[in-house]
Structure formats: C-alpha cells, structure tokens
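Since the structure is predicted, the reported quantities are computational estimates derived from the model, not experimental observations. Here is how names work: the chains are called A, B, and so on, in the same order as the sequence lines, proteins then strands, and each is numbered from 1.
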Number of protein chains: 2
Amino acid sequence: MMERIGKWRLLVILLFVVSLQGFAQDSNGKNDKNRKAKYIFYFIGDGMGLSQANVAEAYLGALENNNNGIKKLSFSKLPHAGFFTTNATNRFITGSAAAGTALATGYKTSLNTIAMDAAKQKPLKTVAEIARDKNYKVGIVSSVSLNHATPACFYAHQPTRNYFYKIGLDLGKSNFNYFAGGGFRNPEGDGKVDDKNTMANMGMASGGKLKSKETHLYDVVKSHGYQLINTCKKFSHLKNGDDKIIAITPRMARGESLPYGIDQNHENDISLAEFTKKGIELLDNSNGFFMMIEGGKIDWACHANDAATVIHEVLEFDKSVQVALDFYNKHPEETLIIVTADHETGGMGLGFSGKHYESELSLLQHQNISYEMFEARLKQYKKKHKGNYKVEDALAMVKKHFGLGDESKGLALADFEEEQLKEAFEKSLIYEKKMKYNDQFYLLYGSYDPLTVTACHLISQKAGIGWTTFSHTASPIPVRAIGIGGEQFSGFFDNAEMGSKVINILD
Amino acid sequence: MMERIGKWRLLVILLFVVSLQGFAQDSNGKNDKNRKAKYIFYFIGDGMGLSQANVAEAYLGALENNNNGIKKLSFSKLPHAGFFTTNATNRFITGSAAAGTALATGYKTSLNTIAMDAAKQKPLKTVAEIARDKNYKVGIVSSVSLNHATPACFYAHQPTRNYFYKIGLDLGKSNFNYFAGGGFRNPEGDGKVDDKNTMANMGMASGGKLKSKETHLYDVVKSHGYQLINTCKKFSHLKNGDDKIIAITPRMARGESLPYGIDQNHENDISLAEFTKKGIELLDNSNGFFMMIEGGKIDWACHANDAATVIHEVLEFDKSVQVALDFYNKHPEETLIIVTADHETGGMGLGFSGKHYESELSLLQHQNISYEMFEARLKQYKKKHKGNYKVEDALAMVKKHFGLGDESKGLALADFEEEQLKEAFEKSLIYEKKMKYNDQFYLLYGSYDPLTVTACHLISQKAGIGWTTFSHTASPIPVRAIGIGGEQFSGFFDNAEMGSKVINILD
C-alpha cells in the first residue's frame, strides 16, 4: 500500500513540475521565462524605418526576379516583430540623441540630450551600464564616430550630443570592454558649442567659447587602460580575453566614420560585420555579454536622399545581424537578438509619382559610389578646372557614376530631367560660393551639393523611390527579435517602452 | 488509508488539468489554443500604411498636446502586431484586387484579378466562403461600392475587377447574410471593359464591347432573396434575425461610395461604424459570424494626396474597430479582431523638407471639405462664371476651405506658394479642356484638378507631411490583432501568408 502511495506522490510531483513549465511557455512553445538572456545583441539602424529595411531586400529581389518580390534579409527572418513611436519630449520628430536615450534607458528625453532627463539635470542609467554592473562584458560598435549620439547614449551622460569631447571622456570612464567602428569627433576639445537650447538650459550664453586643445582623447582613453587598434593587421590579431579594446577603422571617412559600404574596399577596410564578429570573439565569457551595434550611416545616406548608398548600408548592417544569428544558432537557449532603429530619415517611399505603379530597383546597381564620394570627385573637378567648368563634363560624371543618361542601362533622361541636372550644376557652382539659400532652393537641394542631390533624386525616381524630406520623420519604427524574451517586442508601443523592455529582460 | 489515496488521486487529476491548461496558454497568459474564434472581424483599411494609421493618431495628439505625441487609436491598442509584404505576382507595387485576393484566399495572384489564380483560370475559395460553409453568418461592409475590388475578393471570382456587373451577379449568388456600405457600380452592365491584360488573357480583343443594359443589379439581388435598404429610417429598424440584407448609403458620393467622413452629415448619412454595429446586431447567432469591414476611401484620399481627408477616413474606420472592440469586450473568449490594409497609397511621409524637423498637424483642422467636394465647388464656380474667371476668386475659395493664406490660422503663404496656386488655377482651366498631360504636368498634379491637388499639397506640407506618388507604393503593411489566434500575426511575412493565417484560424 505504501508503494502505491509513493507512486501517486511521484506522479503528483511530476505533474506539478510539468504544469509549472506549461505556465512558463511562450507562444512558440519554447520555455523562455525561466531562462536568462546571457548574450544580448541590440542592433540599431540609424534612420532605418520600414522603407529603408524593405528597400534593401526589394533591391536584392529585383536583381534576381525582374524587379518583383523581395529576398529576405537576415533580420527580416526574426520571428517576433512590432513597432513603436519615437517622439522626443519637446518635438514630434525626434533626433538621434533623444531617440537613442529612449532605446538605451527606457526614458523619453529632450532633443540632443544624451542619457539624461529632459531637463538635462539627472543622468539616466543605460542598459549597457546595467549589464556591466551585472558582470556582463559590454561592447559598443558603430559605423560612425564612437562619441556620436547613438553610441554615446549607452555610456555617456551629457546635456548635448555636441559635447563630443566630454562624451569621449565618459567613454574613457565607462569600463566597457570593447568599442569599435569609427574614431573620435573633436578629440582635442569641443571648442565652440552652439546648441542654443542646451546653453539656455544650462544657463550659459549661446555659442559660448569652451577651452580648446584639451588632452587628446586617444591619450585620455589610454590612461584608462584602453588599447587603441587602427590597422587591419593588429585588428586581425585580437583574440578572446583581450580586454579594453578600442578598434578604429583604418580608413576614416567624413565625420570620423567607416567609409560607406558602397565605397568600401575589402582589402583595406574593416566592415561593420567584422567589427561585430570580433566583438563576439573578445567578449565571449561565462558571464555573458551585451553588445550594441549601430548602422549609423543609413541615416546619413537618407539625409542625402541617396537610395543606392542606403541600400548598401542596410546590407552591411544586415551582414552584422547575420554574424549575431550565427552565434544565436550555437546558443539559442541563452541569446537575445533585437534589431531596430531610432527613427526614420528622409520619408522614403517605395513608389514615385513619375513611375506611376512601376518599380525598377535594379537600376540602382548602376550607381557605383556614394553621394559623398561623388561630391568629393566634383570638388576635385572644380579645383582642377577652376573658372573653366563645362556642363558636359558634369553630365559625363553623372553618367559615369549614376548611369544617368545611359540608354543602354535603361537610364535615359527626358529633356526636363537633363535640364534639372544642368540647372543643378549651375547652382552647384553658386553653392561653392556659400550662397544663402532661400526656401525654394532648400526644397530642391537641402543643404547638399545641388548636382549631387539632383543625381540622387533622379536615380531614386527612375528606380521608383520618392523622398519627402532631407530630415527625419515621425514614422513609427519596426523592431524584430529572436530568442529569450523576443516575444515581448510584438505590438505597438513607444520608444521609451522599447528601452524598458530590453532593460526588463536584462534585469 | 483509502481516503488518503483518494486525495492524492484527486490532486493528480487536478494538477493534470492545470498542466494541460498551462500548455495551451499564449504569451499573454490567456487560454487560446483550445478555443474557437466564433466571431471574426477582418478590418481592411484600403491604402492604410503605417503612416496613414499613425498620422490620424498624431493629428489627435497634436490637437491636445501642442503638436507633439499621439493619442492612440482603438486599433493601435490591440496587443499583437506584425507586418507583411504585398507584391502581386506580376508587379512589385500591388493593386487592391491582387492584394485583396491574397488577404481573402491566402494566395498571391496577378493584378486586377478577383479571387482567382494568377492565370485567371481557377477560382480561389475565400475565407468568407469558408466561413459561410461552416455555418457562420457572413457580413461584408465597405465604404465604397459593394462590387468594388476589395469587398469583391471575398465573394466573387472574376478575371478582372472591372467586371463590376459580373461581380454584382456573384454577390447575388453568395448567400452571404449582410452587405452594407456603398452601392453598385455599373448596375446595368459593364459595357466596354478595357483591361488590356485581362482581355489578352481571356483571348478577347482589347476594348471589346460587352452587352449593355442587363437586368439591373437591384433586381438581380432581389431575385436571390435580398432585401435592399437605403434610407436611414428603414436601416434603423433592421433587427437581429433579419437576413439577406443589402444596406446602402442613403447619400451616394462619387464611385457609388459613402461620402467622405469630412463631408458626412450625421443626420443624413450612415457611417461605417453604424453599418458595422448593425452588422453585429443582424449577424449575431449561436454559430458565430465572420465580418469583413473595409475603409475603402482612405486609399482614394491618399491618391489625391489629401491629408486631412485621409485622417478623417482613418478616424471613421477606427470608430468601426471600436464597435468591434466593444463586442470583443463582451465575448473575449470567442472573438478575433484583425485590423490591417491591402497596400499603402501615396508614399505618405511624416516629415516634409520645407518644414525641416517641425510638424504642425493641428493645421489640418482648418481644412473643412474633402478634395472631392472642393473640386465640385470649383466646377460650380467655373460653370457660373464661364469665361470670366478671376484668380482672386480661386484664392478666396482655397482660403475658405483649406485656410491657406489665412495668417490668423498660421497658414500664411510665401510668395512662391501663392504663385503655385495661381499657376495651378491657370492649369485648372486647361484641365477642364482635357489637355493631354505630359510627364512634368503629371508630376505636379497627377490626374487631379491642378488647383485642388496643389491646395492639398500645400496644406500637407505646412502640416509637415510629404507625398511621393499619386499611386500605391510597395511599403510593407502593418497588421494588428486581438483575441483568439491573434498572437499569430506577429513577425514579418507575406500577404498570402496573412490570408492563410486567417483561414487557418477559421479552419
């Protein structure tokens, strides 16, 4: 009889355990709630709204399948998805600092503020700092400068994003294990900082002169025990266990950033994916790690309305996500990958009035350099031919680098389109003279070189892409996730809630 | 001793039941997997992309909170969300027929095809037909004509959406219980149908003349036992149990549709929400019901780039969702609500270059009629003042109905903006003469009255909204859901998968 009771008792305990597990199940039938996110990847595509993410996979689809359908990117395959609103406390259309603060701290703040409250008084603890204090190793990777707004929101606390130098000082004190990507802006001091709002909030006169020629940030970070790496060779030799590493792109582009993907040279550059892969190698340890990886120049290319460069930036970003997914596949029970953005830039639309219902994204393959590189080439031309500019030369450059005007590529220009280029070239000469733009001028060219941005607009339009602005928009932002806690990112919420969700998973 | 065994045994059974329930739980902790979706609401906002949905809640937020933040719409509060791609088999940018077919049948098809395969040969069974065959009552509600593409995809099988009359015949044979909203296009026959692709696919010459003056669709549907209701009074008397009802808007707008929300008169019109509420009343029965509700004119207002009218259409649509949510709250264990769209229209961006980072959505409150109504007023003016048109009159009309040029409303016009209106008015007079437009003309005005669309553009821009096209775009589409099976709509997938998910829940 006692034996029978024993069996029943065993069954009770067994069923009780099963029932508890049942309660802890997520909708995919995996046990999530009792497991810990030991490895967390937080990917942020700066300026990457729904259109930017989709246009890259539509471009790949177009190349394969006669301009129809998409070829899914790695991050598009993540099983959980949702989206969120982005406004700052003091403006509907946010900026990268306020948006980054929400994503990093779970609190909304004011424009330009780096991980402080809206009044720019109190620091807000970031998810990366929480991870560090829980003995996770921490990595911060970005394709733009390491003291730029988005990465800064994870380790610095400053009233304005324009305090690049002070942000750099905070980086030195962060005790994070790995920084990688671009270099440092204002490495010897911020000089004149002209954020009027910030100054007013801090009781300083606008445009106040700050001390310049401070100790170089390279020396500052070294004094905190960091090792600086900026050649491909040294980078390749970094290995697991190497700590307090700052790895910087060997070939620096404008704004102390990685060259655009479309301009990168795989012999001489380190890609965002390579920086990410190295991060995993260095940070992997028994306490786990937290890594934030920013595709920072998606935003910049969107500001310039340069669709081909956007696509290549998104593809570079996605390769980094694939690196994380490869890691996830080895540690599916302990890993969380989140892929999102801070805001949309450019009001990119996957349809253009002049094309009616047609799209020819494959045409973008004929653009072979970024707007930035084209501007540089144009500058060289102007320097070389000073006072003897020919519009034919300009059209030839546009044809060479955008394919525009080349019938054989399907990029013939209508008369009124060629006129637009000619007029833009004339304006481009004025632009050099730093003419004060009026509103109509701005509508056409923003603050870009007129010829360059007109070429970007025309090839976008021929591909079937339109843009509504040179600035950010308030468009809600998608988030995708896989792994521990990933199911929490479905639904429609706010960016502060987005940050809180990540922190809650870590906490 | 036997008593003790009895207790253990009871405990085993109890825990077993608990464990089973645990397994059936979804991520929100509700028991879903064993429950049946007895009441299914399938809301489709035609042309309602992420921006269109968000701009309406941003407008409400702007009115309350100094142009910052959103006031969530009812459908934004649904807990599950995801998004999907939309391309047709033969074009990246889809149309309402191909997109509606995917949503209704779970299969991708070719442009203009109504619930048939891409070759326009085989009919595809729709989710509404499956529901009918499972003894659900079925309702189809739309703000556009009942034989328009989107509603048609749920009951008709035709090679082209332009066979309005044949689609009407299919409606008569559907045996669905409730149709409500707009009227019938081509009620006496389709006459000349000029869908070249369709004709070619069907082996017919393009533009072939079809028989005209068929039996009026009103008589056709009556012969199938349907009762036609088209006054507010008769509509109000409809009650539970009334079957085979076709309820039509008392005041018909262009395209046999409901008047735009911004133009509706609540004394004389029946709103989409009222049609939805009545649907619930009539269809409620012990076997459950399936109802598709389309906000069909969001798309039309987007084609015209008329932001204020879009917002009012989305708000009308959302009121219908709230009606369903009220029902859900009474039957949370048996109801599924899905809110989605077929495609995005207009490339609407929540930022405009001329405004840089600013938004003033509250300015849209000064527009008091739709583009359609404005066009009608302009037509009246032209008729009355034939040959004696004054540009001042046109500017006065624009000021009266859009507020443009009224400084006190914050809608002062720059000189170059007033010039745009004056030039558009000149073109508007040409437009009347059915001039053949060139590409440059189309870029500015699409196929709309130039003055009207210019006014729409200017007020959009001042509010901080830009548009990239007068057509659809390929932008991925959000879906939100609550209730039985709702968690299945998270993630990123394709519109055919979207349709399959709904069918699977029903099956």
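Note on B/G464, B/G69, B/G347: by heavy-atom pairs under 4.5 Å with chain A, the leading option is B/G69. Counting heavy-atom pairs closer than 4.5 Å to chain B, the top residue among A/G82, A/G466, A/P476 is A/P476. Among B/G354, B/P478, B/G351, the residue making the largest number of heavy-atom pairs under 4.5 Å with chain A is B/G351. Your options are B/T469, B/L78, B/N68, and the one with the most heavy-atom pairs under 4.5 Å with chain A is B/N68. Chosen from B/A474, B/G349, B/G95, the residue pairing most often with chain A at heavy-atom distances under 4.5 Å is B/A474. When each of B/Y357, B/F92, B/F83 is checked for heavy-atom pairs under 4.5 Å with chain A, B/Y357 comes out on top. Contact tally against chain A (heavy-atom pairs below 4.5 Å) for B/G49, B/A58, B/S353: the top residue is B/S353.
Side-chain atoms of B/S490 and A/S490 form a donor-acceptor pair, as typed in the model, at a separation below 3.5 Å.
Using a 4.5 Å cut-off between heavy atoms, B/A53 does not touch chain A at all. Heavy atoms closer than 4.5 Å to chain A are found nowhere in B/T86, neither backbone nor side chain. Contact of B/H343 with chain A is not made at all, since no heavy-atom distance falls under 4.5 Å. Within the 4.5 angstrom heavy-atom criterion, only side-chain atoms of A/K72, from C-beta onward, approach chain B. Residue A/R480 touches chain B through its side chain alone, counting heavy-atom pairs closer than 4.5 Å. In this structure, no portion of A/A414 lies under 4.5 Å from any heavy atom of chain B. At a 4.5 Å heavy-atom cutoff, A/Q461 makes no contact with chain B through either its backbone or its side chain. Both the backbone and the side chain of B/S76 come within contact range of chain A, with heavy atoms under 4.5 Å apart. Using a 4.5 Å cut-off between heavy atoms, B/E344 makes no contact with chain A at all.
Between A/T468 and B/W467, the closest side-chain pair of non-hydrogen atoms is not below 4.5 Å. Put simply, the side chain of A/L443 reaches to within 4.5 Å of the side chain of B/F352, judged on heavy atoms. With contacts defined as side-chain heavy-atom distances shorter than 4.5 Å, the pair B/F492/A/H80 does not qualify.
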Residues A/E487, B/E487; criterion side chain to side chain contact (heavy atoms under 4.5 Å, CB included); working and verdict: CA-CA 10 Å; A/E487 73 288 347; B/E487 74 287 346; over 6 Å; no
Verdict with reasoning, A/L350 to B/I93, per side chain to side chain contact (heavy atoms under 4.5 Å, CB included): CA-CA 8 Å; A/L350 297 180; B/I93 296 178; over 6 Å; no
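Aromatic ring centres of A/F470 and B/H356 lie farther apart than the 6.0 Å criterion allows.
Going from atom OG1 of B/T473 over to atom CD1 of A/I465 covers 11.0 Å, rounded to the nearest 0.5 Å. With values rounded to the nearest 0.5 angstrom, B/R91 atom CZ is found 8.5 Å from A/S359 atom OG. Atom-to-atom distance recorded for B/S475:OG and A/L50:CG is 5.0 Å, nearest 0.5 angstrom. With values rounded to the nearest 0.5 angstrom, A/D415 atom CG is found 9.5 Å from B/Q440 atom CD.
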